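First listed ligand is number 1; within each ligand, the first listed atom is number 1. Small disclaimer: the values here were computed from a predicted structure and weren't measured. Sequence positions, counted from 1, serve as the residue numbers for this chain.
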Amino acid sequence: MNRPLALTDTTLRDGHQSLLATRMRTADMLPIAEKLDAAGFHSLEVWGGATFDTCLRFLGEDPWERLRAIRKAFPRTKLQMLLRGQNLVGYRHYPDDVVREFVRRSVDNGLDIIRVFDALNDTRNMALAMEVASTAGAHVQATVCYTISPIHDVDHFVGLAGELAAMGAHSICVKDMAGLITPYVAHELVARLKAELDLPVQLHCHYTSGMASMAYLKAAEAGVDVVDTAISSLALSTSQPPAESLVASLQGTPRDTGLDLELLSAIADYFRGVRGTYAASDVGQQLDTNVLIYQIPGGMISNFHSQLSQQNALDRLPQVLAEVPRVRADLGYPPLVTPSSQIVGAQAVLNVLTGERYQMVSSETRAYLKGLYGRPPGQVDPDVRRRVIGDEEPITVRPADQLAPGLEEARRQAAPYLEQEEDVLSVALFPQVALKFLQERQAARTGVDCDLAGKERGVYPA
Ligand code: CO
């Protein structure tokens with residue numbers, strides 16, 4: 001095929017979310033906007049995922065204001081966000097009225113492409129967000145979360161993508177959040193998707209295991225339309241593969257990206273400097289080949305480290321790593337991505353530390369087995385289910401069908417501080433965190449010294 005491979009740059013979302021705990025401030029994004037906007041990327045991923053929560057919780061920034069500032073600074077390039085289906089940018093299901101309003105306003109405030117996923121690949125949890133985004137005029141990119149298990153083969157993913165295509169997806173993203181896809185599976189999966197669906201295909205890999213650049217090359221050979229990269233100074237490790245290496249690899253080939261390495265180099269220089277100022281949050285540049293053995297994302301392993309050392313039980317780490325695949329099998333092989341990675345990880349730790357499996361059960365595991373996160377990809381172990389929820393029947397409807405509307409209550413809570421309609425949504429998603437933010441913003445604007453509060457939280461530089 002003779003067409004350029006297109007690149008989505010993730011530096012302003014997944015790049016710093018993966019490497020700098022999502023802490024990059026808007027003020028560090030805007031100075032490089034002109035160059036990034038001129039670089040010729042297919043799109044820039046700039047919003048969603050953990051950025052919304054982090055803006056409000058840690059940075060004292062309004063995420064909506066960030067979005068508008070970025071939109072203004074990037075007049076040429078398409079902007080995209082990552083949306084966790086019915087979980088939006090949070091960690092639980094939100095009612096339909098909140099989903100509708102959130103997606104509509106995300107598009108209104110400047111996003112062109114909405115990438116929608118569900119941790120369990122339960123398409124019912126994606127349907128409403130996809131429909132609203134499409135009606136609002138956005139490009140709907142529906143996502144297949146890639147994982148490895150006895151039930152997850154290429155046929156399974158192609159079938160899932162076909163379902164999403166039938167639901168009106170404008171393109172398909174294969175999301176390899178743990179860096180598990182091998183170059184040859186990437187080739188096979190992309191070739192099948194291109195042959196069987198009439199949609200653009202995009203591949204999103206993390207570098208965690210060291211295979212992602214090879215996977216991109218093979219995917220390019222198989223006809224993938226777009227791949228996600230980060231600028232080199234915020235790439236590698238648990239982030240995306242670097243753009244520059246791929247650009248150079250494809251120069252002079254039928255899939256030449258046409259991107260200018262010197263311009264990318266200037267952008268990389270800028271972010272190298274920025275990264276240095278976030279050293280306290282930086283995860284560094286380690287590869288984690290444990291992923292290849294345990295199929296456990298790097299983020300989970302570092303969580304185990306801190307959880308087990310708090311319990312003085314770091315010596316149990318090998319047992320916990322061995323327990324994770326067993327819990328995952330018991331639960332019907334969920335992909336390990338927020339929030340299922342937390343559910344499986346916490347339960348594996350409990351199973352090992354108590355010495356008896358499922359003697360103690362987290363409330364999240366219980367909710368999962370009741371069907372409250374959606375339909376598990378495979379069969380749940382009936383003995384485990386009985387042990388945890390007894391004779392109770394799991395729900396079979398879409399979880400959000402059981403939720404009462406949430407906007408009105410959020411509006412009531414936000415009312416004393418309301419400056420824009422979007423404030424209602426911030427409160428609907430993260431009630432405590434957003435109200436605290438809105439109170440401090442109001443105090444700052446009415447002249448009360450809220451700088452002090454900011455300094456106490458470590459929000460503003462001293
Ligand atoms: Co990612």
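Nearest N/O/S atom of D14 with respect to the Co ion (ligand 1) is recorded as OD2. Among the heteroatoms counted here (N, O or S) of H206, NE2 is the one nearest to the Co ion (ligand 1). Looking only at its N/O/S atoms, H204 has NE2 as the one nearest to the Co ion (ligand 1).
Screening F430, F52, Y94 for a ring pair (Phe, Tyr, Trp, His ring centres under 6.0 Å) involving F102 leaves a single residue, F52.
A donor-acceptor contact closer than 3.5 angstrom links the side chains of T26 and R66. Residues D423 and Q420 have side chains that bring a donor and an acceptor to within less than 3.5 angstrom of each other.
Under the 4.0 Å criterion applied to side-chain N and carboxylate O atoms, R398 and D401 are assigned as salt-bridge partners.
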